[in-house]
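Report on the following structure.
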Amino acid sequence: MSENIKIVKNATCTFCGCVCDDMELTVDLDKKQIIKAKNACVLGRAWFAEHTIQEGPVALIDGKESKLEDAIEEAAQTLTKAKFPITYGLSDTTCEAQRQAVAITDFIRGTIDTTTSVCHGPSGLAFQGVGESTMTLGEVKNRADFVMYWGGNPAESHPRHFTRYSVTPKGMFTPNGKKDRTVVLVDVRRTASTPVADIFLQVKPGKDFELAWAMRALVKGHTVDASIEEETGISLEVLTDLVERMKNCNYGVLFMGMGLTMTRGRHFNSGAIMALATDLNEFTHFVAKPVRGHGNVTGADNVVSWQTGYPFGVNFSKGYPRFNPGEFTTVDTLSRGDADAALIIASDPAANFPQAAINHLHKIPVVSFDTKETATSQLAHVAFRTSTYGINTGGTAYRMDDVPITLRPAFESPFPSDEEILTALKKRVHELVIAKSRSQGAGTAKVAAPIR
Amino acid sequence: MTSYIRISNGKVYDPSNNVDGQIQDICIENGKIVETVPADARKIDASGMVIMPGGVDIHCHIAGPKVNLARKLQPEDHRHDPHPGTLHTRSGSGGTVPSTFATGYRYATLGYTTAMEAAVTPIGARHTLEELHDTPVIDKGFYVLLGNNIFLQQLLKEGRKEEFKQAVAWWINSTKAYTTKLVNPGGDEPWKGKKNSNVSDIDEKVTETDISPRQIIDAFIDAVNELGLPHPPHVHCNNLGHSGNFKTTLETMRTAGDRRVHLAHIQFHSYAGEIGKNPGSAAREIADYVNDHPNISCDVGQVMFGKSTIMTADAPLAYMLRGIAKGKWVNADTECESGCGIVPFKYQEHVYVHAMQWAIGLELFLLSKDPWRIILSTDHPNGGSFMNYPKLIKLLMDSSFRKEELSRANQKAINKTLLPELDREYSLNEIAIITRAGPARCLGLSNKGHLGVGADADITIYDDQQDKELMFNAPRYVFKSGIPVISNHEFCEDHTGKLLHVAPDYDESIVDSVRPFFENYYSIEFDNYAVDDSYLHDHEIIPTINQ
Amino acid sequence: MTISLSLHTQPDVPLEAELISPDKLAGLTTAEIEKQTVEHGNQKTTIADFFTVAGEKSDSLVLEGDLSKIKHIGSGMSFGKININGDVGAHLGTAMSGGEIVVEGNVGDWLAPEMLAGRVEVKGNAGHMVGSAYRGSPAGILGGEIIIHGNARNEVGHAMRNGMIVIGGDSGDFTGVNMLAGTIIVLGELGIRTGAGLRRGSVVCMKNSKLLPTFSYSCVYQPTYLRLYLLYLQSLGLGIREEQIMGHYERWCGDIIEFNRGEILLYHE
């Protein structure tokens, strides 16, 4: 260990949607490496340990090292020439960078989408259908005496969710922590999370909607046929008991996992859970919340919403935002072969999208932003290497409950941040768009000379 | 490079400086109004035009967590009202909850250059500041929700008044807010409790906290006055929307005695009748009290027929309205700080209650004797979008238009109000007061709402038209800080605008009292809570009276 | 006399062509039609860049070619007729209030969403969201008639408030979800979760189906009104059997979570 050690207190882990902000990082400034991350979970420790600085060019054009300015110029030219450019990713970067990305997409009249569309996008749609009674996570800690997880395995996906927010913490009206709470898990199989549950319901695969729907009927005082057991794997007796507990708790919470959103029924599954929480407010205080995955996917939803009015799957080809998941979401625009250029930021669709979408990515010019080499950066026409948010660069990340937190970077990276390059790219794109408009003779008559 | 502009030949309405329609030159140098400019200054001929200071909205909901939830919630509301970009401006979506860019540009297209977001949770301040940065043209600020703050209520219960004041000051500094906002004070704990209930009387002691709404209101009025904030506590009274609530409103004003207080969207608090039954109008009672008490200011919160979005920190109210609207409903609890409810809504002229609300708002405007203290607002988007302001101005200025509109509304409701008998018509000078000079004065913004030397060059120039709705809908020029953002009705330049906030002095040892509470009951780290200066774009600290 | 548009160049990104509608083209000459704007991605181009135009001044349009990358044809149309001899893309007949669209091939997603009145007939298959509401809207189609001879995918008639939708083949999941009123008839198999959130209205199916636990069996009967519908569908060439016309149907009522005033009728062999 070198002498040049720095301690960063209250740093934030941006690995998952928990966005825990109580990290104490021990940083070796000579080696440019985090050697200890106190309070971090197993995923967080890996996240911090992995991020070391690897030498390499800041930008590549067609795989060849390039100057940053040249790469920005080439990216700007590529994007402004396209007729149907798409922007995708964004959940592993700061809100500051996300704001620039939406601006670029607005100027090039492209389509912007985030990884929301492949995780809790369906919950976003469900929200637009039924609304949601929800809360910040501190309310769970302070008040919740009934906590239910449906279709998720937080012990492995969000290891501190139980201990920091929802199961064991002691709060204002829950002075004994877990003893004051009933914890229920609904899932298709037993997982590492199951042992925490007081009640575990093993629902038959693909029957979440039927189960939630039956619970809604019971909450509303209707009878449900005993055949529900054969249908869903849960007996009417167990279900009736559960509903009574829910109606009689003081403050109930339903957490939704991707087991709901990415199985058959998708947005209707999350919608059923949100509606169930809403129904229960006739009897007691009840809230629901999706357990979001990526570190700042919630920030991406927020930024895209405030800038365009819609959370994801937004198209600007007419010069204003339009929203239509299924039409403007990235898996769809790529699989159908609609896009003719792509700007991919902090995401690796070439590694994890369906094959039809990956095939199309190979056919079109791609501009990529990532902190390391990825399948996407390898096929990119222009690839930028950037620094890691939360570790090398500051900015803002939103927790899964929409609470924004300021990041405290640990050490400097030789690579620029996403925000810096995107800001430069935006400036150049805007210049090109204005030049193009002038050359076409449009707009010039209307534009008064700026007098400032 | 210094920029100079001289605007000549226009009729100037500048009530703060007693200018009522006289033809005067207005000179601008580098964003401020000056006595005169060099002869080679850019000249604008405003013949046949009306010049006013830029509009100031004292109470609207345009940025922050609840606004963004309401935006996400309603794609159907944006879809039919797109906001195309230009070479100089960003695109966006409209509807009752527009995107940030559309919000800023649309305020500008009405000649408004300042707007105050009226309810932000402290933990949502960072989010709000980010959105305000993306809200172009206008200057803006926000009021921080402290009326249901559990820690502050604990201090009150324990009688620690000095610490209470220090903690209020700490919270304002930590969030970059403009003043304190109380919403249904005391109501959140019952709401978040098992029965989803509410506090119903200003003197009712809330079980969970053992203090009453009146104690909370009283303490905030004292604290804010002692801190010398330019704007007093901004109060959304208890019992909003309930029949008979005017008594609560009168009691709230009486609590203030002769101390300054601002009552938000007072229309929603001026209902006679019995709880649970249809409301009647108590506009006369409320207007009389406001008329007689110069320490009180209020904004109206006019209801306009058509689409609205109810979004409020008054969560129990939104739950009640959900039962009426029968559509989607959002509830959002914020730890230790606030509640929130959102319901898409539509005011319909044939519905008794909606017509009554519409009429009460107009009664309040017309019965009020001092336009400086009754400010034009729709509680955007609760009573309707701010885009309704031109129509509302026409309703106030044109009694024959008002009679026409009134004849289409539910007559059973209208006939229970004084509205059919009120012939008053607002003058342009009075409109300039209720939309500019008055709100600027209530906010303590000495550089806004007027056109005197030294004022910010936020200026709107309208074509002088008979139809006031048309006139106020489309200013020919809008200058923001001296920059002509709109010229001949076209956007020709973008502008970011700045954040207005206060920074009252406080004793830093208060942090030692807040920290333990925080560590026990919040879910983020205390040291990550206060908002740092990186979230301020261009900003201006408005000094307190003591500074 | 008709206006005929035949595709000569396949767009390489989606083409948006709400101008291809009798409302916009009926009064124009051939030369004027050629100059009308369509949007090729974010570029404004003209009809002539993609179509060979023949004929003029007619409220009857005939479109030829593989139009599967072309969206919004007939958006908002209120009169006249569009015949499409080929496949066609998404948002066909959005919010149309009159007139008729007949498609010989298949159609993309969002066929006639939020339709008010008029008629759409598709000889092939349809995508998701036939006659649905757009996201967030409380109501889908308010009237009119949509006939699909082939299959349709998920969310047929989402939140429909009136009108009729007929699927000659199979329908996907959530047929008639959140339906407020109106009639959906499916001659093939239903997907799962039919009528979830159904308030009023009827979903009729000729095959048996597993329904949600919030639907309850009420009786078997011979609905007289159905005969009129089925005779009409038979006349359109849809495969209706005589015994179905006079047949018995199981009536299931629901959704009990809502008013329990909707019905699902299943043909009783």
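Scanning all heavy atoms of the two residues, the minimum distance from K192(B) to Y251(A) falls at O-CD1, 3.5 Å. Scanning both residues, E139(A) and S338(B), for their nearest heavy atoms gives OE2-O, 4.4 Å. Summarising the geometry of D22(A) relative to E525(B), their closest heavy-atom pair is CB-OE2, 3.3 Å, with the distance given to 0.1 Å. A pairwise comparison of heavy atoms in D527(B) and R408(A) identifies O-NH2, 2.8 Å as the closest pair.
In this structure, W306(A) and S99(B) have side chains that are not in contact, with every pair of non-hydrogen atoms separated by 4.5 Å or more. Residues R79(B) and F323(A) form no side-chain contact, since every pair of their non-hydrogen atoms from C-beta on lies 4.5 Å or further apart. Residues R399(A) and I524(B) form a side-chain contact, since some pair of their non-hydrogen atoms from C-beta on lies under 4.5 Å apart.
Side-chain contact check for E130(B) and Y398(A): at least one donor-acceptor pair (N or O, by modelled atom type) lies under 3.5 Å. Under the 3.5 Å distance criterion, with hydrogens and angles disregarded, no donor-acceptor pair is assigned to the side chains of N68(B) and S305(A). A donor-acceptor pair shorter than 3.5 Å can be found between the side chains of T136(A) and E335(B). R126(B) and T406(A) are linked by a side-chain donor-acceptor pair at a separation below 3.5 angstrom, with hydrogens and angles left out of the test.
Both the backbone and the side chain of Y521(B) come within less than 4.5 Å of a heavy atom in chain A. Both the backbone and the side chain of L69(B) come within contact range of chain A, each with at least one heavy atom under 4.5 Å from a heavy atom of that chain. Heavy-atom distances place no part of F526(B) under 4.5 Å from chain A, backbone and side chain included. Of the two parts of N528(B), the backbone and the side chain both hold a non-hydrogen atom closer than 4.5 Å to a non-hydrogen atom of chain A. Heavy atoms closer than 4.5 Å to chain A are found in the backbone of H83(B), but not in its side chain. Contacts between P65(B) and chain A at a heavy-atom distance below 4.5 Å are absent for every atom of the residue. Heavy atoms closer than 4.5 Å to chain A are found in the side chain of D532(B), but not in its backbone. Only the side chain of Y319(B) comes within less than 4.5 Å of a heavy atom in chain A; its backbone stays farther off.
For R99(A) and E131(B), the salt-bridge test fails: no basic side-chain N is under 4.0 Å from an acidic carboxylate O. Checked for salt-bridge contact, R143(A) and E208(B) miss the test: no charged N lies under 4.0 Å from a carboxylate O.
For K170(A), the NZ atom counts as loosely surrounded, since its 6.0 Å shell holds 12 or fewer non-hydrogen atoms of other residues, nucleotides or ligands.
The structure places CG of D401(A) at 6.0 Å from OG of S523(B), a figure rounded to the nearest 0.5 Å. One finds the CE atom of M274(A) at 12.0 Å from the NZ atom of K328(B) (value rounded to the nearest 0.5 Å).
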Kindly determine whether V287(A) and N331(B) satisfy side-chain contact (heavy atoms from CB on, under 4.5 Å), including the steps that lead there.
-> CA-CA 8 Å; V287(A) 292; N331(B) 170 67; 4.2 Å; yes
Does the side chain to side chain donor-acceptor pair (under 3.5 Å) test come out yes or no for R322(A) and H78(B), once each step is laid out?
-> CA-CA 9 Å; R322(A) 288 182 299 168; H78(B) 304 310; over 6 Å; no
